[in-house]
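Structure first, commentary second.
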Amino acid sequence: MFNNLPDYVEDPILGLFDAYRADVRTRKANLGIGIYCGEDGRVPVLASVRAARERIDETAPSIYLPTEGLQGYRNAVRELVFGGATADLQDRVVTIQAAGGTGALRVGAEFLASTNASPRVCMPDPTWVNHQAIFQAAGFEVSHCPYRTPKGRFDIDGTLAALNALPAETVVLLHPCCHNPTGIDPSREEWARLLDAMAQRALLPFFDMAYQGFAESLDDDAWAVRECVRREIPCLVASSYSKNFSLYGERVGALSIHAPGLEAAKVLGQLKVVVRRSYSCPPAHGAALVATVLQDAPLHAQWRAELDGMRQRMLGVRASLHALLTRELPDADLSFLLQQRGMFSYSGLSDAQIDQLRSRHGVYVVSSGRVCIAGINASNLAQVCEALVDVMGRAVHAGPAKDAGFNPR
Ligand SMILES: Cc1ncc(COP(=O)(O)O)c(C=O)c1O
């Protein structure tokens, strides 16, 4: 009956994590998986979240949440995404709880596919490895638009040309901040041009906001989303609280739909249809933690300070890495390390260099050349720098580099 099952192809990032765990060397560094680790190399348990955990009655019976999720959580995350004046948006924005950012993307994709017989989505190349699979599984035809110039800047001209060639109603997947995997974000002026083009061509922005607060601040990072609302452009937002609350295993996310001119109750109803047939209702625990933090002023302030701390640490790692590498390689332009934002840096390392990093030095980097900055700390910084200098020294024999970065062309 199941004889024709295809072989399983491991997700490259999860497979890399398994290889790292199986590596018996004590001197090794995991710069592959997109998880924020603190200076001690561990995934932090935020003090604000710990305090929230103590307030939650763990002995209460575990009952089903409503299909659309916990009301307090939905209100609180809506405010985080759209800003303070969300009361004005009651009839235009619908937010439901979702199983992580991934669940939000999938529910959003299914919702859109249910309203369009031949749905299309255009996403940046490169983008998070799961985007294509999620939209294809929901029945979308996927196309790509260029994202990064060979000099390592956001490719505004390439993106605009691609947008201008798309049929009306095409969904455009966008990273509002901390683009995964490149760490390169459009400037506000570039966002404004992108939104102009999308509005003119009746394209539908779908923001995937997995790193709010990791680039500049909670408000700055949501600027493009809020600008869409200000301009009354319909859009979707998948938001994730895996990273900024350090709650990876709890599956806390949300899907918001900004639909000016549509009946919010109707939109909510159709989202509930998608959720009901997929997993009936979302998980309770993580959402209760996030809601408790966000609804309590002192805990909320504490969480913001902890989030600022995570961002500052990543900026510090970037500065240290840049300073150390520049000392070893004075002629190299490594300014990209300082310009990129969030957890990732697109290194431009070749496949051979990435292999050498792993085999010679126990430094694990995703095959695209994406380096997780948040995996670097004071204990492994020197090792990572040595490894990079070593493989860059061998670059002449290592085959073509992917792009600008550590191997500028
Ligand atoms: C761009 C992007 N979107 C979505 C996700 C998924 O988030 P979650 O773990 O909350 O499902 C990630 C996780 O790495 C991501 O980088």
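For ligands, and for the atoms within them, numbers begin at 1 and follow the listed sequence. Hydrogens, waters and symmetry mates are skipped; everything else that's a heavy atom, side chains included, is used.
Remark: ligand 1 and Lys243 share an N or O pair separated by less than 3.5 Å (distance only, no angle test). Among the atoms of His131, none of the N or O lies under 3.5 angstrom from an N or O of ligand 1. Taking distance alone, with nitrogen or oxygen atoms compared against 3.5 Å, Gly101 approaches ligand 1 more closely than that limit.
Nearest protein heavy-atom contact of atom 15 (C) of ligand 1 is Tyr211 OH, 3.6 Å. For atom 2 (C) of ligand 1, the closest heavy atom belonging to the protein is Asp208 OD2, 3.3 Å.
Counted within 6.0 Å of CD1 on Ile63, heavy atoms from surrounding residues, nucleotides or ligands total 12 or fewer; the atom is thus considered open. Within a 6.0 Å sphere centred on CZ of Arg276, other residues, nucleotides and ligands contribute 12 heavy atoms or fewer.
Ring orientation note: the planes of Tyr211 and Phe344 are nearly perpendicular, at an angle over 60° on the 30°/60° scale. Taking the six-membered ring for Trp and thresholds of 30 and 60 degrees, Phe17 and Tyr20 have nearly parallel ring planes, at less than 30 degrees apart.
Near Gly100, the atoms of ligand 1 lying under 4.0 angstrom from a non-hydrogen atom of the residue are 10 (O), 11 (O). Below 4.0 Å from some heavy atom of Ser242 lie the following atoms of ligand 1, by number and element: 8 (P), 9 (O), 10 (O).
Closest heavy-atom approach to atom 7 (O) of ligand 1 among the candidates Ala98, Gly103, Ala104, Ser240: Ser240.
Taking both residues in full, the closest heavy atoms of Arg318 and Phe336 are given as NH1-O, 4.5 Å, listed atom of the first, atom of the second, then distance.
Assignment of Arg251 to the shell around ligand 1 is supported, since a heavy atom sits closer than 4.0 Å. Heavy atoms of Tyr241 come nearer than 4.0 angstrom to ligand 1 in no pair at all.
Ring pair Tyr147/Tyr346: centre-to-centre distance not below 6.0 Å.
In Asn180, the part holding a heavy atom less than 4.0 Å from any atom of ligand 1 is the side chain.
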Apply the test side chain to side chain donor-acceptor pair (under 3.5 Å) to residues Gln71 and Asn75: give CA-CA distance (whole Å), side-chain angles for both, the deciding distance (0.1 Å), then the verdict. CA-CA 6 Å; Gln71 184 68 51; Asn75 291 344; 3.1 Å; yes

Output, in order, the C-alpha distance, side-chain angles, deciding distance and verdict of side chain to side chain donor-acceptor pair (under 3.5 Å) for Ser217 and Asp219. CA-CA 5 Å; Ser217 72; Asp219 290 333; 5.5 Å; no

